[in-house]
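Atoms considered below: every heavy atom in the structure, side chains included; atoms not considered: hydrogens, waters and symmetry mates.
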Amino acid sequence: MELHGDVRDDEYYWLKNRDSDAVIKYLNEENDYFNKVMKPAEPLQEKLYNEMLARIKQDDNTVPYLKNGYYYYTRFETARQYPIFCRRKGNESAPEEILVDANIVAQGHPFCEVTGINVSPDNRYLVYAVDTTGRYLYNAYIKDLQTGALLADHFPSAFGNTVWANDSKTIFYDTKDPVSLRTDKIWRHVLHSSVENDVLVYEEKDETAYTGVSKSKSEKYIFINSGYTQNYETRFISADHPDDKPQVIAPAEPGFYYTVEHFGDSFYIRTNDQGAVNFKLVSAPVNNFSRSNWRDVIPHRDNALLEGFDVFTDYLVLSERTEGITKIRIIGWHNGTDKYISFDEPTYVSELDYNPELNTDLLRVDYSSMVTPTSVIDYNMNTGERTIRKVQPVIGYDKDEYVSEYKWVTARDGIEVPVSVFYKKGTAMNGKHPCLLYAYGSYGLSMDPYFSSNVLSLVNRGFIYAIAHIRGGMEMGFHWYEDGKMLHKMNTFNDFIDCAEYLVKNKYTSPDKLFANGGSAGGLLMGAVSNMRPDLFKGIIADVPFVDVLTTMSDSTIPLTTGEYTEWGNPAIKEQYFYMKKYSPYDNIVKKNYSNMLITTSYSDSQVQYFEPAKFVARHRELYTGDHLLLLYCNMHGAHGGSSGRFDRLHDTARRYAFILGLLNENN
């Protein structure tokens with residue numbers, strides 16, 4: 001391959017031939033090798049699986065939410081892998097009505113995901129989506145809830161995203177380009193009609209942008225959103241007049257981003273307009289919504305990122321982030337209320353749950369920390385009273401035995417990077433404890449300190465678990481994201497290394513007991529770190545890793561590539577090409593001694609194609625020196641997130657943990 005006068009040889013390019021017998025044979029042989037090497041750890045894997053399974057309350061259900069007269073919830077049954085979607089009419093003790101049993105849908109499929117549960121405004125029809133490929137290729141189905149019968153009309157749907165018009169017969173849905181897998185079209189379908197007659201409502205022709213469809217909380221408008229990280233554009237249609245032509249609220253511009261909600265006689269818009277880097281909230285009259293009529297509701301603040309908002313009849317609720325911590329702020333429309341919901345742990349996550357009702361004083365909030373299992377709280381915005389509706393059951397867990405910390409690491413360029421740490425009380429910081437450090441650092445996605453019952457299988461064995469909130473996420477504001485993307489991507493890798501060195505220097509652990517883990521774009525992080533500082537880590541686990549950056553970004557036929565130009569860069573631009581080449585993990589493998597590594601992938605993965613990690617491992621096998629362990633495991637029936645069944649996913653985790661513990665010669 002040659003570009004900008006630079007020639008690269010890719011001796012494993014043939015692994016891209018997805019359906020060739022040679023590729024399938026190669027992947028199966030890698031799995032055979034993995035199983036051979038890990039065979040002594042099979043009893044440990046089984047023990048870890050049983051431990052994690054024993055912490056789960058198998059016959060569990062979510063807290064019901066009220067929408068349009070019905071209480072909706074999801075429940076699981078003992079020994080069954082998949083959820084059952086249900087509702088009850090009028091109150092939470094009314095007779096149960098099963099909408100979809102995903103266990104039945106999944107029969108005969110090694111992979112199955114049911115999503116997009118969406119009931120029509122008249123409560124009669126259900127649309128839901130099913131993927132049995134693992135490539136996020138869904139088909140939407142419509143069920144008559146009065147008769148229980150499926151209608152004849154069904155259609156492809158990009159991610160199971162559907163919206164009902166208020167006539168309860170018109171459905172808007174999105175589809176993907178078959179080559180790029182980019183969500184690019186919005187369609188309109190009418191019940192009992194042929195899908196061939198569906199109307200194309202909008203097509204996003206910009207190859208760097210995606211489109212999607214949603215509905216306002218007021219149920220009055222259908223929004224068609226298009227764009228990506230650099231810019232956004234929203235069109236709207238009256239939900240009472242679904243045949244209307246969409247109107248653009250504000251035309252897209254480079255660097256101009258906004259999202260829209262409706263309340264009363266106004267659109268409420270979260271935007272970075274006029275230099276609001278951390279976003280502000282503005283309003284505009286529905287009948288005169290041009291940008292010249294946008295008026296600040298919540299002004300921009302340098303020290304607070306406005307992540308989102310929700311509207312109620314009497315309240316405006318904001319989701320904010322300051323100093324890396326999520327906060328929920330409640331403002332009364334009429335009574336002058338302006339308060340935050342307070343929590344007292346040093347590092348935690350508080351976020352808005354689904355709140356479909358407008359006229360209520362109750363706000364549903366989710367709270368979690370590394371120590372506290374996820375709690376669903378109904379917060380009375382008028383009185384401040386909290387009702388804990390549910391705490392995630394974790395059998396045998398006592399939170400008083402554990403502690404979390406929130407530390408600040410000074411990176412090499414002087415920037416302070418937060419790190420969340422979790423371990424058992426009484427753990428002495430003497431450098432003798434193993435540690436697993438996790439991070440992501442891309443797309444502006446913040447890796448918050450959620451509770452994980454699975455991590456207990458390491459922490460109970462003396463591990464310290466840490467999350468590095470590195471640049472590339474948005475933990476510290478929008479600038480945190482911009483400082484970790486495109487021509488600043490090296491900051492992401494340097495931050496992670498600096499956080500790892502902090503843990504060693506402060507005797508949380510030592511290099512011979514420090515492990516790193518990340519997935520997808522976090523797998524890119526793992527690949528870059530393995531090249532830069534293999535001496536710092538005993539082992540690295542890279543899950544579905546994006547490690548062949550330059551080749552993938554140079555090939556527009558690979559799914560999702562063109563939509564990623566604003567994240568990584570476009571190789572057609574010389575400066576961006578050579579910057580990507582500087583860190584692209586596959587292009588920077590050299591002959592030296594690396595850390596022990598486990599690389600996982602899924603054959604059907606549509607986000608990071610299986611051949612990237614497969615090539616990465618193959619080149620490593622050719623060039624590595626020393627005796628480090630290098631394993632590739634390919635899930636032949638999984639998706640980007642691995643297996644679909646809740647118990648199968650525990651096997652995925654047990655596999656990773658057994659790899660780590662085996663390197664420490666711990667088999668119990």
Side-chain angles (χ1 to χ4, degrees), residues 1 8-42 45 110-111 133-135 181 519-520 523-524 526-527 530-531 539-555 557-561 584-591 594-644 648 651-652 655-656 658-659 662:
M1 293 173 285
R8 294 183 301 127
D9 291 323
D10 188 351
E11 65 275 30
Y12 297 105
Y13 194 80
W14 63 273
L15 283 167
K16 184 182 176 183
N17 300 319
R18 173 179 297 275
D19 297 322
S20 85
D21 292 339
V23 167
I24 301 298
K25 179 174 182 289
Y26 181 89
L27 295 175
N28 284 328
E29 287 176 346
E30 281 284 6
N31 282 349
D32 290 342
Y33 177 65
F34 172 89
N35 291 328
K36 177 182 177 181
V37 172
M38 293 293 291
K39 188 168 184 60
E42 285 181 357
Q45 287 186 57
F111 180 92
T133 68
R135 290 184 67 75
L181 298 185
S520 192
L524 160 64
M526 296 298 103
S530 74
N531 285 329
I540 294 174
I541 301 177
D543 296 313
V544 291
F546 176 43
V547 284
D548 194 12
V549 179
L550 204 50
T551 302
T552 291
M553 295 308 300
S554 300
D555 187 348
T557 67
I558 294 177
L560 307 182
T561 291
S584 176
Y586 185 61
D587 292 287
N588 285 281
I589 301 171
V590 297
K591 193 168 186 177
Y594 283 88
S595 306
N596 299 285
M597 283 191 282
L598 169 60
I599 313 297
T600 72
T601 186
S602 290
Y603 179 66
S604 297
D605 192 340
S606 61
Q607 310 303 104
V608 178
Q609 309 301 309
Y610 72 88
F611 47 80
E612 288 201 35
K615 289 165 54 178
F616 182 76
V617 169
R619 182 171 280 182
H620 262 287
R621 293 207 189 285
E622 176 188 349
L623 294 176
Y624 79 89
T625 61
D627 58 355
H628 80 280
L629 193 60
L630 176 64
L631 298 176
L632 173 69
Y633 181 82
C634 182
N635 187 331
M636 301 304 291
H637 302 293
H640 189 57
S643 301
S644 58
D648 291 339
H651 282 297
D652 294 343
R655 194 177 297 118
R656 299 184 189 96
F659 171 79

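- Annotation: side chain of V549 is not in contact with side chain of Y586 (no heavy-atom distance under 4.5 Å).
- In the displayed structure, D627 atom CG is contacted under 6.0 Å by at most 12 heavy atoms of other residues, nucleotides or ligands.
- With rounding to the nearest 0.5 Å, the separation of CZ in R655 from CD1 in I541 is 11.5 Å.
- Checked against ring pair (Phe, Tyr, Trp, His ring centres under 6.0 Å), F111 has no partners two or more places apart in sequence or in another chain.
- Between atom CG of residue N635 and atom CG of residue L27 there is a gap of 11.5 Å, rounded to the nearest 0.5 Å.
- Listed for the Y13 side chain is no donor-acceptor partner under 3.5 Å among the backbone atoms of D9.
- Across all non-hydrogen atoms, the minimal contact from V547 to P585 is O-CD, 3.3 Å.
- Checking side-chain atoms of D543 against main-chain N and O of T600 turns up no donor-acceptor pair under 3.5 Å.
- Side-chain contact between H640 and S520 is present, with heavy atoms from C-beta onward closer than 4.5 Å.
- Under the ring pair (Phe, Tyr, Trp, His ring centres under 6.0 Å) criterion, Y12 pairs with no residue at all, not counting sequence neighbours.
- The two residues N35 and E42 come nearest to each other via the heavy atoms O-OE2, 4.4 Å.
- No side-chain heavy atom of V590 sits less than 4.5 Å from a side-chain heavy atom of L623.
- Ring geometry, Y610 versus Y603: the interplanar angle falls from 30° to 60°, so the pair is classed tilted.
- Side-chain atoms of R135 come within 3.5 Å of backbone atoms of S604 as a donor-acceptor pair (strictly under, hydrogens ignored).
- F611 is not listed as a side-chain neighbour of V23, based on a closest heavy-atom distance of 4.5 Å or more.
- Note that CD1 of I540 and OG of S595 are 4.0 Å apart. Values are rounded to the nearest 0.5 Å.
- Note: R621 CZ to F616 CZ = 11.5 Å, rounded to the nearest 0.5 Å.
- For H637, the NE2 atom is loosely surrounded, since the number of other residues' heavy atoms within 6.0 Å does not exceed 12.
- Annotation for T601 and V544: closest pair CA-CG1, 3.9 Å, computed over non-hydrogen atoms.
- You'll find the ring centres of F34 and Y633 inside the 6.0 Å limit.
- Using a 4.5 Å cut-off on side-chain heavy atoms (C-beta onward), H651 and S643 make no contact.
- A 4.5 Å side-chain heavy-atom check between Q609 and K16 finds every atom pair outside the cut-off.
- When every heavy atom of Y33 is checked against every heavy atom of L631, the shortest pair comes out as CE2-CD2, 3.7 Å.
- Between D548 and S584, the shortest heavy-atom distance links the atoms C-OG, 4.0 Å.
- Across all non-hydrogen atoms, the minimal contact from P545 to I599 is CG-CG2, 3.7 Å.
- Checking side-chain atoms of D605 against main-chain N and O of S602 turns up no donor-acceptor pair under 3.5 Å.
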Could you go through the side chain to side chain contact (heavy atoms under 4.5 Å, CB included) check for S554 and M1 one step at a time? CA-CA 10 Å; S554 300; M1 293 173 285; over 6 Å; no
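- Of the inter-residue distances, the one linking N588 atom CG with L550 atom CG reads 9.5 Å to the nearest 0.5 angstrom.
- For the atom pair NZ (K615) and NE2 (H620), the distance works out to 13.5 Å, reported to the nearest 0.5 Å.
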